[in-house]
Amino acid sequence: MSIMKKYKKKFHIFKDLLAKENPVIVEIGAHFGEDSMRFCEVFKDPTIYCIEPDPRCIKIFKKHVKNKNIKLYEVAFSDKNGEMNFYQSYKPNEIKTPEKYNWISDDDYKKYKLGNSGSSSLKKGYKHILDETIKVQVVRFDDWAEQNNIEKLDLAWIDVQGSEKNVLTGMGDSIHKIKYIWIEYGEKEYEGAMSRQETISYMTDKGYQVINFMSSFSDSGDLMFESVK
């Protein structure tokens, strides 16, 4: 499994930033667990909580992620507790496993309809989705953190395709448990997605500042924030 191919530099930047061998990380929108496995490559003894609601991705996650440092929660984070519609993305012409997921067999990639699965969301808007909408369990981050005795987090990695504001709202005051937050912005295809400036304004109000050298400056991309409280 060439899990670190093309990603080594990026994840070593995270290692230098967190500056410890045993960070506590929550990956919100964990997909197949690929980024969590990469964190396990660069850190000696991390604790990684993975949040993923898509049953297709969960099947692959459970098949391939065999690491005691990684714990999977089969839910989505939002601004309420209960059930919500989940829109599973899929491109039927993508039937062979892309190189970046080359530990997944072509048979599984086709069988579980994984083509473009990373664009799935709680939000409407993306046009390449399966015909049938499913229901998934959703929880607020603050309730999840309390239930699981999460006192401090070094990093929250948020990849939720337009649901970013809902996730942040669901953090409530528990957002102050988190030192660094890495988050997507500008997912315009999805209803309610925040722009770059909207994301920065929201996070500034919560006591965070942008780390420019780890952030994008285009209309869509990723922003890295550090708590200054």
Where is the tightest heavy-atom contact between Y208 and S227, given as atom of each residue plus distance?
CD2-N, 3.3 Å

Sorted by chain and residue number, the salt bridge (charged side-chain N to carboxylate O under 4.0 Å, His left out) partners of E191 (sequence neighbours excluded) come out as none

Taking all non-hydrogen atoms of both residues, which atom of L168 and which atom of I158 are closest, and how far apart?
CD2-CD1, 4.1 Å

Is L122 isolated, or which residues cluster with it under the ILVMFWY side-chain rule of less than 4.5 Å, directly or via members?
M84, F86, I134, V136, V138

At what distance, to the nearest 0.5 angstrom, does CZ of F225 lie from OG1 of T204?
6.5 Å

E52 (side chain) donor-acceptor with A30 (main chain) under 3.5 angstrom:
yes

Would one find more than 12 heavy atoms of other residues, nucleotides or ligands at under 6.0 Å from atom CG of D219?
no

Answer yes or no: is there an ion pair linking K111 with D108, defined by an N-O contact shorter than 4.0 Å?
no

Could you tell me whether K66 atom NZ has more than 12 heavy atoms of other residues or ligands within 6.0 Å of it?
yes

Counting neighbours of NZ on K71 that are heavy atoms of other residues, nucleotides or ligands and sit closer than 6.0 Å, is the number greater than 12?
no

Output for pair (L114 CG, K91 NZ), nearest 0.5 Å, gives 14.5 Å

Is the shortest side-chain heavy-atom distance between D45 and E21 below 4.5 Å?
no

Run the side chain to side chain contact (heavy atoms under 4.5 Å, CB included) test against N212 and tell me which residues pass, sequence neighbours left out.
V210, F217

Step-by-step salt bridge (charged side-chain N to carboxylate O under 4.0 Å, His left out) determination, E94 to K113:
CA-CA 9 Å; E94 191 179 311; K113 297 182 178 179; over 6 Å; no

With a 4.5 Å heavy-atom cut-off, do F43 and N22 have their side chains touching?
no

With a 4.5 Å cut-off on side-chain heavy atoms, are K15 and K20 touching?
no

Is it the case that the side chain of S201 and the backbone of E198 share a donor-acceptor pair, with hydrogens and angles ignored and the cut-off at 3.5 Å?
no

Residue pair V167, F141: steps toward the side-chain contact (heavy atoms from CB on, under 4.5 Å) verdict
CA-CA 7 Å; V167 171; F141 172 91; 5.6 Å; no

Does K135 form a side-chain hydrogen bond (donor to acceptor under 3.5 Å, both in side chains) with N85? I'd like the steps, not just the answer.
CA-CA 5 Å; K135 295 281 189 181; N85 288 333; 3.1 Å; yes

Scanning both residues in full, the closest heavy-atom pair of L18 with P23 reads CD2-CB, 3.6 Å

Answer yes if I58 and Y73 sit in the same cluster of Ile, Leu, Val, Met, Phe, Trp and Tyr residues linked by side chain heavy atoms under 4.5 Å apart, and no otherwise.
no

Linking I/L/V/M/F/W/Y whenever any side-chain heavy atoms sit under 4.5 Å apart, do M4 and I13 land together?
yes

Is the side chain of S119 donor-acceptor paired with the backbone N or O of S89 at a distance under 3.5 Å, no angle test?
no

Whether R38 engages the ring of Y7 as a cation-pi pair (distance to the six-membered ring centre under 6.0 angstrom, angle to the ring normal within 45°) should be assessed.
yes

Take F39 and W182 through the test ring-ring contact (aromatic ring centres under 6.0 Å, His included) and record every step on the way to the result.
CA-CA 14 Å; F39 279 124; W182 168 265; 9.6 Å; no

Ionic contact status for K123 with E187, cut-off 4.0 Å
no

Verify the ring-centre separation between Y101 and H31: is it less than 6.0 angstrom?
yes

For the pair E27 and S36, evaluate side-chain hydrogen bond (donor to acceptor under 3.5 Å, both in side chains) and give the outcome as yes or no after the intermediate values.
CA-CA 7 Å; E27 186 185 358; S36 287; 2.5 Å; yes

With a 4.0 Å cut-off on N to O distance, would you call R140 and D79 a salt bridge?
no

Distance from D54 atom CG to Y112 atom OH, nearest 0.5 Å?
13.0 Å

Is it true that, when you exclude K110 itself, more than 12 heavy atoms of the residues, nucleotides or ligands shown sit nearer than 6.0 Å to its NZ?
no

Given E34 and K100, is the salt bridge (charged side-chain N to carboxylate O under 4.0 Å, His left out) satisfied, shown in steps?
CA-CA 9 Å; E34 61 270 24; K100 63 180 178 178; over 6 Å; no

What do you reckon, are the aromatic ring centroids of W157 and F14 less than 6.0 Å apart?
yes

Could you check whether any side-chain N or O of S195 sits under 3.5 Å from a backbone N or O of G186, counting only pairs where one atom can act as donor and the other as acceptor?
no

Holding to salt bridge (charged side-chain N to carboxylate O under 4.0 Å, His left out), I want the full list of residues that pass it with R196, two or more places apart in sequence or in another chain.
none

According to a 4.5 Å side-chain heavy-atom criterion applied to Ile, Leu, Val, Met, Phe, Trp and Tyr, with indirect links allowed, do L72 and V65 form part of one hydrophobic cluster?
yes

Check the pair E41 / K8 against salt bridge (charged side-chain N to carboxylate O under 4.0 Å, His left out), numbers first and verdict last.
CA-CA 9 Å; E41 286 285 320; K8 188 173 182 179; over 6 Å; no

Surrounding NZ of K177 (heavy atoms of other residues, nucleotides or ligands, distance under 6.0 Å), is the total greater than 12?
yes

Is the backbone of Q161 close enough, under 3.5 Å, to the side chain of S121 for a donor and an acceptor to pair up by distance?
yes

Could you grab the distance from atom CE of M194 to atom CD of E184, nearest 0.5 Å is fine?
11.5 Å

Can any side-chain N or O of D106 pair as donor or acceptor with the backbone N or O of T97 at less than 3.5 Å?
yes

Given 3.5 Å as the limit, does a donor-acceptor pair link the side chain of D142 with the main chain of S174, or not?
no

Kindly compute the distance separating CG (L155) from CG (L17), expressed to the nearest 0.5 Å.
8.0 Å

Partners meeting side chain to side chain contact (heavy atoms under 4.5 Å, CB included) with T47 (sequence neighbours left out)
V24, Y49

For E74 and K62: C-alpha separation, side-chain torsions, deciding distance, then whether side-chain contact (heavy atoms from CB on, under 4.5 Å) applies.
CA-CA 11 Å; E74 297 176 31; K62 289 182 174 179; 2.6 Å; yes

I129: which other cluster members, linking ILVMFWY side chains closer than 4.5 Å, directly or transitively?
Y87, Y126, Y190

Checking Q137 side chain against E83 main chain: does a donor-acceptor pair fall under 3.5 Å?
no

Donor-acceptor under 3.5 Å (S216 side chain, S218 main chain):
no

dist I28:CD1 -> F77:CZ (nearest 0.5 Å) comes out at 5.5 Å

If we only count heavy atoms from C-beta on, is the R56 to L130 side-chain gap below 4.5 Å?
yes

In one Ile/Leu/Val/Met/Phe/Trp/Tyr side-chain cluster, 4.5 Å: I178, I25:
no

Lys/Arg-Asp/Glu bridge criterion (N-O < 4.0 Å) met for E189, K127
no

Looking at every heavy atom in both C40 and N69, which two are closest together, and how far apart are they?
SG-CB, 4.2 Å

According to a hydrophobic-cluster definition based on side-chain heavy atoms being under 4.5 Å apart (Ile, Leu, Val, Met, Phe, Trp, Tyr only), do Y90 and Y109 belong together?
no

